[in-house]
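As structure tokens, the structure follows; a few thoughts come after it.
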Amino acid sequence: MNRINKKLQENKKLLSIYFTAGYPNLNDTATIIQNLEKSGVGMIEIGLPFSDPLADGPTIQASSTQALKNGMTTKVLFNQLQDIRKSVSIPLIIMGYFNPMLQYGVEAFCKKCQEIGIDGLIIPDLPVDVYHDKYKSIFEKHGLINVFLITPQTSDERIRYIDSVSNGFIYMVSSASTTGAQLGFGEEQTSYFKRIADMNLHNPQIVGFGISNHETFKQATQYAKGAIIGSAFVKFIKNSPLSDIKSFMRSIIG
Amino acid sequence: MNYNINKKGYYGEFGGAFIPEMLYPNVEELRQNYLKVMAEPDFQKEFNQLLKDYVGRPSPLYFAKRLSKKYNTKVYLKREDLNHTGAHKVNNTIGQILMAKRLGKSRIIAETGAGQHGVATATVCALMGLECIVYMGEIDIARQAPNVARMKMLGATVVPATSGSKTLKDATNEAIRDWINNPVNTHYIIGSAIGPHPYPDMVTKFQSVISEEIKWQLKEKEGKEDPDYVVACIGGGSNAAGTYYHFLDNNNVGIIAIEAAGKGIHSAESAATSVLGKEGIIHGCKTLLMQTNDGQITEPYSISAGLDYPGVGPLHAHLYKTGRAEFYSATDKEAMQAGLELTKLEGIIPAIETSHALAIFEYKKFKADDIVVISLSGRGDKDLETYIKHFNL
């Protein structure tokens, strides 16, 4: 069974962390992953930086630009992750935009992910229908779970379709926004979280965008299986030593 | 060979809508409605009326006698430079603002490089009384001060794009991010034949008035509708798409595209996408774009801000790949020279974008009885400072 599916069966709320690979320093990748696991994080999204990250707000954009300046590439990332499964056992997901994967070769990219022990991919600009028609069989052949996003504007009909194509979890974007945009959740979000929970989807949902502290983590996981922190963590490692990751996580999980 | 867009939004293998889910409802709403709205008689009526009374169409098809004599062929210039706001851009913004109104949108966003599309968008927003926000790279704001002032006079808010390389590509990213954050009341007026489906097709159709007019104007002057060649410069490719549109299926009409070679195709300071680009995804569509081996989009260069874009529209990628169009690229120097030559021979100062199209005579010899229609996409007022500097005027 894929590590993601297995993790999602555990009877507790899941905290997933996104970070941009190659930031703040090129070779921090493995250390960050190891520290995150030790701090009780349930799942990690390793961001493959892109020059034009359309869905991201200023924090992740800036970290991507810096990571590319530091010399991060798809090949470098794969090299850094080559031995990661010797020390880390939680699910690992690569999150990135489609063009770098396309240039690497989608099949070669998936094959390499499988070799390393990557469990899934999140590709915000690969639409669900294109995935379904062209790439699903390749992902499945290499044991990769592809994760799709939904937003408060996504229609019920489309959510059902996305649910039918998904085989891990659904990434629930908390509001109409790019990453790192807001400060807290209001009534609008709560009713959206409830609406989705009431749909009884096959796939569990994990909430992302706008989660930055204990309070928002609790609000998000009241209805959903877990929550993802991205920008807040990227901001944190900009200013703090990697050894402080544990205390950051404690402040979130409580 | 088919040069029209297919049901899924592709020209051959290029196009599509590679967008984050956050944009799906906006783009889907447009996709479902754009053809229907454009076909409505009252839309047609309002669009055509504004093109006539406000833009000043039809734009003349002018026989350039002295230029023709110099190159021993028959050259016609399609005078898009005489449009209100000084370029072809306004054909599209008029169309899209009417579309936005019919979709019930109250807020308009746009990206701009040199500021021409920004001005054309701010103009139609003033005309319709809609809020207008224009994203423009911080570097472009500094080098295009008159257009920034125009947009402000027209009531638009100009927001500097400070991410990445701070030019057109980043302004486009910022506009897309704005749309993600404002999914309900906002329409994004993309200025070129790029972006996710249905934008390339919608923009092409609004600009197709250019080739529609060429046909009947040429009929009047030459007794036949079809020239031997149509020539246009290409950045994203909206003036080219409009100039080619009604000739695409007639193989007797040669299609010529001129890109910006900057300081030379292989100088590392160029925007010649057909030569330097590879298939990939930029701003929501699959097309040819300039990128590193690793798939990072690279920064182009051209003396002309309007051609300074790392991709081409998917229609043009298809025309290139299938061999339907001949692609050339002109350097900064060749373009500036061609612009000066037109000024001296015909008394028309062209936009530097357009000057690239005029440099075709450097690369191709036409027959004496060939009819060559060149899209004179914009006027050169905005470029005076660049001309002054280049020629030490």
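Each chain gets a letter, A, B and so on, in the order its sequence line appears, and its residues count up from 1.
- Salt-bridge formation is detected for the pair B/E21/A/R158: a Lys NZ or Arg NE/NH1/NH2 atom is positioned less than 4.0 Å from an Asp or Glu carboxylate oxygen.
- Rounding to the nearest 0.5 Å places CG of B/N181 at 5.5 Å from OG of A/S177.
- Heavy atoms of B/E279 lying under 4.5 Å from chain A belong exclusively to its backbone.
- In this structure, CG on A/D52 lies 9.0 Å from CD1 on B/I176, to the nearest 0.5 angstrom.
- Annotation for B/R177 and A/P53: closest pair NH2-O, 2.8 Å, computed over non-hydrogen atoms.
- Listed here is the closest heavy atom pair of B/Q296 and A/P100: NE2-CG, 4.2 Å.
- Both the backbone and the side chain of A/L54 come within less than 4.5 Å of a heavy atom of chain B.
- Once rounded to the nearest 0.5 Å, the distance linking CD1 of B/I282 with CG of A/D125 reads 12.0 Å.
- Residue contact with chain A, scored on non-hydrogen atoms closer than 4.5 Å, is absent for B/L23.
- In this structure, chain B has a heavy atom under 4.5 Å from the side chain of A/Q61, while its backbone stays farther away.
- Contact of A/P49 with chain B is made through the backbone alone, with heavy-atom distances under 4.5 Å.
- Distance check: A/K75 NZ to B/N293 CG gives 7.0 Å after rounding to the nearest 0.5 Å.
- The residue among A/D56, A/L126, A/I123, A/V128 with the most heavy atom pairs within less than 4.5 Å of chain B is A/D56.
- Atom CE of A/M72 sits about 10.0 Å away from atom CG of B/D294, to the nearest 0.5 Å.
- Of all non-hydrogen atoms in A/P127 and B/I19, the two that sit nearest each other are CG-N, 4.4 Å.
- Of the inter-residue distances, the one linking A/L102 atom CG with B/Q291 atom CD reads 8.0 Å to the nearest 0.5 angstrom.
- When heavy atoms are compared at a cutoff of 4.5 Å, A/F50 approaches chain B by way of both its backbone and its side chain.
- More than 12 heavy atoms of other residues, nucleotides or ligands lie within 6.0 Å of CD in B/Q32, so this atom counts as buried by the packing criterion.
- Residues B/G295 and A/N99 approach most closely at O-ND2, 3.0 Å, considering heavy atoms.
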Criterion side-chain contact (heavy atoms from CB on, under 4.5 Å) on B/F18 and A/V130, from CA distance to verdict: CA-CA 9 Å; B/F18 292 82; A/V130 177; 4.0 Å; yes
Would A/Y97 and B/I281 satisfy side-chain contact (heavy atoms from CB on, under 4.5 Å), going step by step from the backbone distance to the final call? CA-CA 9 Å; A/Y97 291 80; B/I281 289 162; over 6 Å; no
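- Scanning all heavy atoms of the two residues, the minimum distance from A/A55 to B/M22 falls at CB-CE, 3.5 Å.
- Considering only heavy-atom pairs separated by less than 4.5 Å from chain B, the leading option among A/I162, A/L68, A/D129, A/T65 is A/L68.
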